[in-house]
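The first residue in the sequence is number 1, and the count goes up from there.
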Amino acid sequence: MSSTAMAVDAPNPPKLVLDEFIVTALSATPSTLHPYFESFRTLHTRKLWHQLTQKLKTFFDDEQSRPYRVDVFERFVRDFEGKINQLRLVEMGVKRVILFALDPQTHLAFLTSLLARIDKEKSQEAHVLLLATIAHVKLLYGDLEGTKTDMDAAWKILDTLEDVDNGVNAAYYGVAADYYKTSPSVQARAE
């Protein structure tokens with residue numbers, strides 16, 4: 001089954017009330033994370049999307065943020081996701097989903113919902129990264145046919161790109177290597 005066939009229309013998130021979100025976050029998180037939320041407020045209010053994206057990336061890379069990433073992504077980032085770099089959005093989304101051992105349908109539904117919100121023509125690297133991530137998830141859950149379909153779709157785009165982000169290449173070639181190690185048809189040809 002292809003990624004696009006699994007796309008799920010995610011409900012729009014509730015409209016962000018910034019001060020409410022920040023107050024809730026400050027009361028729910030350790031004080032070491034508070035400077036992030038104060039920066040989020042300032043950068044969002046000033047509509048400094050690039051700087052906000054950089055601050056969010058730093059937050060998502062901080063180990064202490066792990067228990068709070070889902071909430072930040074779903075309640076905060078979703079509100080302005082169309083205004084930020086789509087590759088960085090996908091990277092945050094992938095980090096958000098990696099946190100939890102979700103059931104396959106929930107895992108794939110989140111990723112395909114995010115894929116449906118990414119403009120394939122304007123954000124080709126983000127699209128490839130998501131396809132590779134979806135292919136990897138399908139491989140983990142034993143869907144070899146779905147993995148191959150998504151890998152082929154990702155390669156079709158990747159093969160036309162120049163100067164590709166290293167993370168995008170790594171995601172594609174990582175899932176391709178894992179697929180070819182586990183695929184029975186490939187193993188049969190090797191014997």
Side-chain angles (χ1 to χ4, degrees), residues 8-118 123 125-141 165-172 174-175 178:
V8 176
D9 291 332
N12 288 334
K15 182 71 179 142
L16 174 70
V17 179
L18 183 62
D19 287 331
E20 209 175 274
F21 171 76
I22 298 298
V23 167
T24 303
L26 290 173
S27 67
T29 59
S31 61
T32 55
L33 295 177
H34 290 181
Y36 288 113
F37 292 99
E38 293 299 340
S39 293
F40 295 165
R41 180 195 327 249
T42 302
L43 296 170
H44 187 278
T45 301
R46 295 177 63 198
K47 299 183 184 336
L48 298 173
W49 307 123
H50 176 72
Q51 292 85 342
L52 180 56
T53 302
Q54 290 175 320
K55 184 57 76 172
L56 283 161
K57 181 182 181 331
T58 305
F59 173 80
F60 274 76
D61 288 342
D62 188 322
E63 276 303 309
Q64 290 185 323
S65 75
R66 287 179 73 89
Y68 311 103
R69 290 179 193 164
V70 171
D71 195 49
V72 169
F73 190 88
E74 293 297 328
R75 292 189 56 223
F76 184 60
V77 176
R78 287 275 320 263
D79 185 69
F80 55 88
E81 66 185 14
K83 297 175 182 164
I84 64 175
N85 180 299
Q86 297 297 279
L87 181 56
R88 303 302 165 240
L89 171 70
V90 169
E91 289 170 347
M92 285 184 270
V94 168
K95 282 186 180 181
R96 173 240 184 249
V97 83
I98 288 173
L99 292 177
F100 301 101
L102 303 171
D103 69 276
Q105 291 305 319
T106 303
H107 206 160
L108 288 171
F110 170 77
L111 291 170
T112 54
S113 170
L114 184 55
L115 182 68
R117 298 189 314 264
I118 299 296
S123 305
E125 286 181 303
H127 195 80
V128 169
L129 178 57
L130 259 177
L131 282 171
T133 302
I134 290 168
H136 193 253
V137 170
K138 288 180 180 179
L139 182 62
L140 291 174
Y141 294 126
D165 183 271
N166 289 337
V168 174
N169 274 326
Y172 175 79
V175 72
D178 289 345

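- The salt bridge (Lys or Arg N to Asp or Glu O under 4.0 Å) pairs that include a residue from residues 32-44 are Asp19-Arg41, Glu38-Arg41, where partners are two or more places apart or lie in different chains.
- Ile84 contributes atom CD1, which lies 6.5 Å from atom CG of Leu56 (distance to the nearest 0.5 angstrom).
- With sequence neighbours left out, the side-chain contact (heavy atoms from CB on, under 4.5 Å) criterion links Thr42 to Arg46.
- Remark: His136 pairs with Asp178 by the side-chain hydrogen bond (donor to acceptor under 3.5 Å, both in side chains) rule, at least two apart or across chains.
- Taking each heavy atom of Arg69 and Asp62 in turn, the nearest pair found is NH2-O, 3.2 Å.
- With sequence neighbours left out, the side-chain contact (heavy atoms from CB on, under 4.5 Å) criterion links Ser31 to His34.
- Side-chain contact check for Lys47 versus Leu52: every heavy-atom pair is 4.5 Å or farther apart.
- In terms of heavy-atom proximity, Phe37 sits nearest to Ile22 at O-CD1, 3.4 Å.
- Rounded to the nearest 0.5 Å, atoms CG (Asp71) and OG (Ser65) are 12.0 Å apart.
- Looking at heavy atoms from C-beta onward, Thr53 lies out of side-chain contact with His50 at the 4.5 angstrom threshold.
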| Candidate pair Thr29 and Tyr36, rule side-chain contact (heavy atoms from CB on, under 4.5 Å), full reasoning | CA-CA 11 Å; Thr29 59; Tyr36 288 113; over 6 Å; no

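- Here the side chains of Tyr141 and His107 are in contact, with some heavy-atom distance below 4.5 Å.
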| field | Intermediate values then yes/no, side-chain contact (heavy atoms from CB on, under 4.5 Å), Gln86 and Leu89 | value | CA-CA 5 Å; Gln86 297 297 279; Leu89 171 70; 3.9 Å; yes

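- With sequence neighbours excluded, no residue satisfies side-chain hydrogen bond (donor to acceptor under 3.5 Å, both in side chains) with Gln51.
- Taking the six-membered ring for Trp, Phe59 and Tyr68 have ring centres at least 6.0 Å apart.
- Among the candidates Thr133, Leu108, Val90, Leu130, the single residue satisfying the side chain to side chain contact (heavy atoms under 4.5 Å, CB included) test with Leu115 is Leu130.
- Under the rule for a ring-ring contact (aromatic ring centres under 6.0 Å, His included), the partners of Phe21 that lie at least two apart in sequence or sit in another chain are Phe76.
- The CG atom of Leu114 sits 11.0 Å away from atom NE2 of His127, with the distance rounded to the nearest 0.5 Å.
- Residues Leu33 and Gln64 come closest through the heavy atom pair CD1-O, 3.6 Å.
- The two residues Lys55 and Phe40 make their nearest non-hydrogen contact at CG-CE2, 3.5 Å.
- Checked against salt bridge (Lys or Arg N to Asp or Glu O under 4.0 Å), Lys57 has the following partners two or more places apart in sequence or in another chain: Asp61.
- Evaluation of the salt bridge (Lys or Arg N to Asp or Glu O under 4.0 Å) rule for Glu81 yields Arg78, Arg117 as partners, not counting sequence neighbours.
- Applying the salt bridge (Lys or Arg N to Asp or Glu O under 4.0 Å) test to residues at least two apart or on different chains, none of the pairs has a partner in residues 20-37.
- Between Phe80 and Trp49, the ring planes are parallel. Angles under 30° get that label, and only those over 60° would be called perpendicular.
- Contacts of Ala171 classified as side-chain contact (heavy atoms from CB on, under 4.5 Å), with partners at least two apart in sequence or in another chain: Leu129, Ala132.
- Taking every heavy atom of both residues into account, Leu16 and His44 meet most closely at CD2-NE2, 3.8 Å.
- In terms of heavy-atom proximity, Thr112 sits nearest to Ala109 at OG1-O, 3.3 Å.
- Taking the salt bridge (Lys or Arg N to Asp or Glu O under 4.0 Å) definition, one finds that Asp165 meets it with Arg88, sequence neighbours left out.
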